[in-house]
Student: 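The structure's right below; bear with me while I get my questions together.
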Amino acid sequence: MTKSGDPKRRKASTPIDPSAILRVIGSIPEGAVASYGELATRAGLPGRARLVGRILREMPDLKLPWHRVLRSDGRIAFPPGSRSLREQVRRLAGEGVMVVRGRVDL
DNA sequence: GACATGACATAAC
DNA sequence: CGTTATGCCATGT
């Protein structure tokens with residue numbers, strides 16, 4: 001026993017459990033936005049904003065309102081001109097959220 | 001196991 | 001507004 005058999009011990013490559021983060025992101029109301037740090041804290045993971053970003057990156061997004069996730073400054077996380085950025089802006093616009101120059105206009 | 005990277009945050013300048 | 005620095009943690013090399 002030692003390290004094999006411990007439920008807390010992550011297996012090789014630590015695929016961590018994004019359930020909490022997914023839950024929080026899915027709980028974002030329509031027409032609203034949230035920042036990575038905010039989501040991380042709400043998920044019970046203070047200081048792990050990067051984790052949220054990592055999860056979304058690895059996620060198949062489908063069915064997840066990732067387009068409501070922005071940076072702490074209300075800025076979009078994607079680089080300008082990026083396809084994902086346009087998609088996010090387009091989706092937000094559909095919910096009444098206007099984005100100008102990569103910034104969210106409330 | 002060290003080093004580099006990243007859909008980040010906050011502070012300082 | 002811009003960059004630089006520091007912290008934070010999982011991944012990939």
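What you are looking at is a predicted structure, and each value in this text was computed from that prediction instead of being measured. Just so it is clear: chains get the letters A, B, ... in the order the sequence lines come, proteins before strands, and each one is counted from 1.
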Student: C/dG7, B/dA7, B/dT5: which one has an atom nearest the side-chain heavy atoms of A/Arg50?
Tutor: C/dG7
Student: Nearest to the side chain of A/Leu51, heavy atoms from C-beta on, is which of B/dA9, C/dA10, C/dG2?
Tutor: C/dA10
Student: Between atom CZ in A/Arg57 and atom C1' in C/dG12, what is the gap in whole Å?
Tutor: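 My rounded result for the distance is 11 Å.
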Student: Output yes when at least one side-chain N/O atom of A/Ser72 is less than 4.0 Å from OP1 or OP2 of B/dT10, else no.
Tutor: yes
Student: Rounded to whole Å, please give me the gap between CZ in A/Arg42 and P in B/dC8.
Tutor: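 After rounding, the gap between these two atoms is 19 Å.
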Student: Write down the partner of B/dA7 under the Watson-Crick or G-U wobble criteria, each distance required to be under 3.5 Å.
Tutor: none
Student: Just how far, in rounded Å, is P of B/dA11 from CG of A/Asp73?
Tutor: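 Taking atom P of B/dA11 as the reference, CG of A/Asp73 is at 11 Å.
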Student: Name the closest nucleotide to the A/Arg103 side chain, picking from C/dC1, B/dC8, B/dA7.
Tutor: C/dC1
Student: Considering all heavy atoms of both residues, which atom of A/His67 and which atom of A/Glu95 are nearest to each other, and what is their separation?
Tutor: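 Heavy-atom minimum between the residues: NE2-OE2, 3.2 Å.
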Student: For the pair made of CG in A/Asp17 and P in C/dA10, what is the distance, rounded to whole Å?
Tutor: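 Those two atoms, CG and P, are 13 Å apart.
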Student: Taking the minimum atom-to-atom distance to the side chain of A/Arg71, which one of B/dA7, C/dA10, B/dA9 wins?
Tutor: B/dA9
Student: In whole angstrom, give the distance that lies between atom OH of A/Tyr36 and atom P of C/dG7.
Tutor: 24 Å
Student: In this structure, how many angstroms lie between the P atom of B/dC8 and the CD1 atom of A/Ile55, rounded?
Tutor: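 Answer to the nearest Å: 13 Å.
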Student: Return the value, rounded to whole Å, for the distance between atom CZ of A/Arg48 and atom P of C/dG7.
Tutor: 16 Å
Student: Given atom CZ of A/Arg86 and atom C1' of B/dA7, what is their separation to the nearest angstrom?
Tutor: 18 Å
Student: Between A/Glu87 and A/Arg91, does any side-chain N to carboxylate O distance fall below 4.0 Å?
Tutor: yes
